[in-house]
Amino acid sequence: MQDEQQIEQQRVDRVTAHIKRKIETLQEQVGDKRGDVVEIRRDFWDDVTVNFEDSAEAAETAASLKQQAEVLFEREHSHRHARKQLLTMRKLEQSPYFGRIDFKENGETQAEQVYLGIGSLLDENEEQYLIYDWRAPVSSLYYDYSPGPAQYKTPVGTIEGEMTLKRQFVIRGGRIRSMFEIGVTIGDEVLQEVLGRHSDAQMKGIVATIQQEQNTIIRNERARLLVVQGAAGSGKTSAALQRAAYLLYRYRGQLAADQIVLFSPNPMFNSYVATVLPELGEENMQQTTYQHYLEHRLGRSFELEDPFTQMEYTLSGMADSQYEARVAAIRFKSDVPFMRIIERYAKSLGEAGIKFRPIRFRGSVLISSEEMSRRFYELDRTLSIANRLKLLSEWMLKELTALGKLERKKSWVEEEIELMDKEQYIHAYNELMRKKGFTSESFDDFEREKEMLASMLVQQKFKKLRSSVKRYRFLDIPKMYRALFEKPHWTADGQEQLPAEWADICTITSAKLENGELYYEDATPLLYLKELLEGFHTNTQVQHVFIDEAQDYSAFQFHYLKRIFPRAKMTVLGDLNQAIFAHAEPMDSFAMLKGLYGYEEMETVVLARSYRSTRPIVEFTSRMIPGGSRIIPFNRDGEQPLVAQACSAEELVRKVSGSLRGWKAQGLNALAVICKTAAEAKAAAGMLRETGMEVRLVEKETVTFEQGIVVIPSYLAKGVEFDAVAIFNASQEVYGRESERKLFYTACTRAMHELHVYYTGELTPLISV
């Protein structure tokens, strides 16, 4: 094996030397191409002949502009491509590849040596691959097979043969640190080395440790709906991001990064995963949260509650007399039966009940809501509501044009013209001069001048009204949604069974809407009603939607997302053992997703092995949940979790700060004190600071994930991992309800290397010790 390692090192030396030469060439190209781009941009208009005197000259000018723009685009594209290659080569220089397979295709006499890295590399003659990209079809052999019969799929068919060798490398700085033969699973030595590292401020995309079950997720091209149910720390998110990188590689030229959307649990998580795709040589996909989308669509009309405020209420609002009604409302409004009620209600509005807002201008009603209603319901009722609203909008725009002409003659117009200062007058003059038919001579005629200024002034004032009509702002969606709770027959006429608390639900919902506020559980139903009436604002450009922490989404939200991304494939990743929101409690599977695309288009992958935490931590946390015995810990040793009582709040803080100082002394960087709620986290951060600890309080507005000591509410820690975690207070008083079991499990499973659980009074019954 020593001789083999020497031979392999010689190859690494040759490849590294080739990479260095490639880097030098690319650096020159990047500099030259950047200079070309700068020069073309600077001299763009000098190289274009601009002449619009007649149609022939205008056509020649357009052709000249087009040619110059194409030259600039080509240089910019070449610069980006060379720069991207340069970044890949710099990564390969330190660690050119991580694996090798020897594969003899059926019918061939000799096996081909295939070396795998994060990018491809051709030899000096650009003929033979020295390194294959980990996403290439042949590379799947490395992740899926052990030596023996093997096959891989290509766009033109399946290639069969025999794998005669499978080898793994750890190469650092161009030197082979270790090398060994492996079977179907990636070698434990490399996994131990990777998983034993300290947590970083951002997730890393380590393709050398992709496991077989993760590879099935990454390379799945068939399923319209791919559901991944994975245990805490099973690599769901990293597999999803690597899947995005694979899709961008596989469909290069057909799929762009901005045609992939990731819905993540919170803004901080977006920061945490932001570097994974760039590390793998790809541009970042679009990243957002569902709350951000809701605020984009509804934020102008309502003060919108976010899911974390809703969570705080369900965790700490038990003393509120309306608590039971609110929790019942959250569950009912999040499910498909309420969606059916909304659909039936929207259909009934085609016959009667649509609420309109009058169009007002300067305190007067230009178009009344009664006139809108009359015009709308006079239209052909076989047309959809959306089409009738379009026709109504077109009539209203024509009406505004006619009303604008009448408005020019009113006294306020003349008064505003007389009050125009010199700057406003010159601006108006220049605006009118640009319009066909208006010349400098026109302004010599006082009456003509006044007429033109009046026309322009009224047009400017009416611009906002016309924009409002085009956006259907004359529809009173909040009033129509409120009517759903004020007239019970809308909900009583159907087959859906209403919750026992329905009367109280109607009362609290109406009161909230009356104040211009919107509960989080009402946001999707109200937006769905709006879309059913106006027509859906669909995005047909997006081809793939990724939803992380999918167990926190309601059935209603999934159906809505399917409607607004009708052409997209969906990858859904979650862990039902971490379903912490009130609407998620009754869920025991992702079966409700089957209605989105159909049984034949849905595939499910279960990830049972947990890699994040040490074996003692996984064994400790898996006892907290039903079915936890099915979670398979990766065999990584570590300290047993500590469960310790404190006699007082002061001692609790001392013990937690003692753990933090001990971990810092060990060189652990990412440390978390996890509290149940935001209120507890704020109080804990204050007490820890009084002991001299430097801590950072993470709140729902926090957008970046940083190293150091953080104090964080349990629900904001989802999806993130830390070197060591201290549970601030796991007492029965804090975590005493059965409904909080999954929340507590989620908090404890954030720890990679060490977990300390402290409590005052009685220990939570959720721990089995």
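- What you find for A111 and T164 is that their closest heavy atoms are CB-OG1, 4.0 Å.
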Open item on the list: With side chain to side chain contact (heavy atoms under 4.5 Å, CB included) as the criterion, how do K84 and L87 come out once you've worked through the C-alpha distance, each side chain's angles and the decisive distance to 0.1 Å?
Closed with: CA-CA 5 Å; K84 187 176 179 180; L87 291 172; 5.6 Å; no

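- A donor-acceptor pair under 3.5 Å links the side-chain atoms of S613 to the main chain of A751, judged by distance alone.
- Summarising the geometry of Q254 relative to Q543, their closest heavy-atom pair is O-NE2, 3.4 Å, with the distance given to 0.1 Å.
- Counting heavy-atom neighbours within 6.0 Å of R696 CZ, excluding the residue itself, gives a total above 12.
- At a cut-off of 3.5 Å, with distance as the only test, a side-chain donor of N220 or E603 sits close to an acceptor on the other residue.
- Checked by atom type, the side-chain pair T571/R243 shows a donor-acceptor distance below 3.5 Å.
- Salt-bridge check for R222 with E601: failed, with every basic side-chain N at 4.0 Å or more from each acidic carboxylate O.
- Between Y143 and W134, the ring planes are perpendicular. Angles over 60° get that label, and only those under 30° would be called parallel.
- Side-chain contact annotation: R11 with Y97, donor-acceptor N/O pair under 3.5 Å present.
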- [ ] Given salt bridge (charged side-chain N to carboxylate O under 4.0 Å, His left out), test E619 with R615 step by step and report yes or no.
- [x] CA-CA 6 Å; E619 290 174 344; R615 174 180 282 275; 3.1 Å; yes

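- Taking the six-membered ring for Trp, H756 and W663 have ring centres closer than 6.0 Å.
- Under 3.5 Å, the side chains of D723 and N669 contain no donor-acceptor pair of N or O atoms.
- Using modelled atom types, one finds a donor on one side chain and an acceptor on the other under 3.5 Å when comparing Y251 with E221.
- Salt bridge status for K718 with D552: present, with a side-chain N to carboxylate O gap under 4.0 Å.
- Of all heavy-atom pairs spanning R636 and R612, the tightest one is NH2-O, 2.7 Å.
- No side-chain donor from either of Q214 and Q212 sits under 3.5 Å from a side-chain acceptor of the other.
- The two residues D13 and G174 make their nearest non-hydrogen contact at OD1-O, 4.2 Å.
- Ring centroids of Y249 and Y246 are separated by 6.0 Å or more, keeping the two rings apart.
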TODO: Could you go through the salt bridge (charged side-chain N to carboxylate O under 4.0 Å, His left out) check for E93 and K22 one step at a time?
DONE: CA-CA 10 Å; E93 184 181 15; K22 188 99 173 164; over 6 Å; no

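- Side-chain N/O atoms of D548 and S264 include no donor and acceptor closer than 3.5 Å.
- Y290 and T524 form a side-chain donor-acceptor contact under 3.5 Å, judged by distance and modelled atom types alone.
- You'll find the side chain of V572 stays beyond 4.5 Å of the side chain of L226, heavy atoms only.
- Side-chain contact of E160 with Y152: a donor-acceptor pair under 3.5 Å is absent, judged by distance alone.
- Taking the centre of each ring, F98 and Y142 come in below the 6.0 Å mark.
- For F546 and F263, the distance between ring centers is not under 6.0 angstrom.
- Using a distance-only test at 3.5 Å, with no hydrogens or angles considered, a donor-acceptor pair links the side chain of S238 to the main chain of G235.
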- [ ] For M311 and S714, run side chain to side chain contact (heavy atoms under 4.5 Å, CB included): C-alpha distance rounded to whole Å, both residues' side-chain angles, the deciding distance at 0.1 Å, then the answer.
- [x] CA-CA 10 Å; M311 170 66 74; S714 52; over 6 Å; no

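- Partner of E8 under the salt bridge (Lys or Arg N to Asp or Glu O under 4.0 Å) criterion, out of R100, R177, R175: R100 alone.
- Scanning all heavy atoms of the two residues, the minimum distance from E283 to L277 falls at O-CD1, 3.8 Å.
- The aromatic ring centroids of Y553 and F558 lie less than 6.0 Å from each other.
- Remark: the backbone N or O of D575 is paired with a side-chain donor or acceptor of Q551 at under 3.5 angstrom.
- The closest side-chain heavy-atom distance from C748 to M624 is below 4.5 Å.
- Salt bridge E112/K104: absent, no basic N to carboxylate O contact under 4.0 Å.
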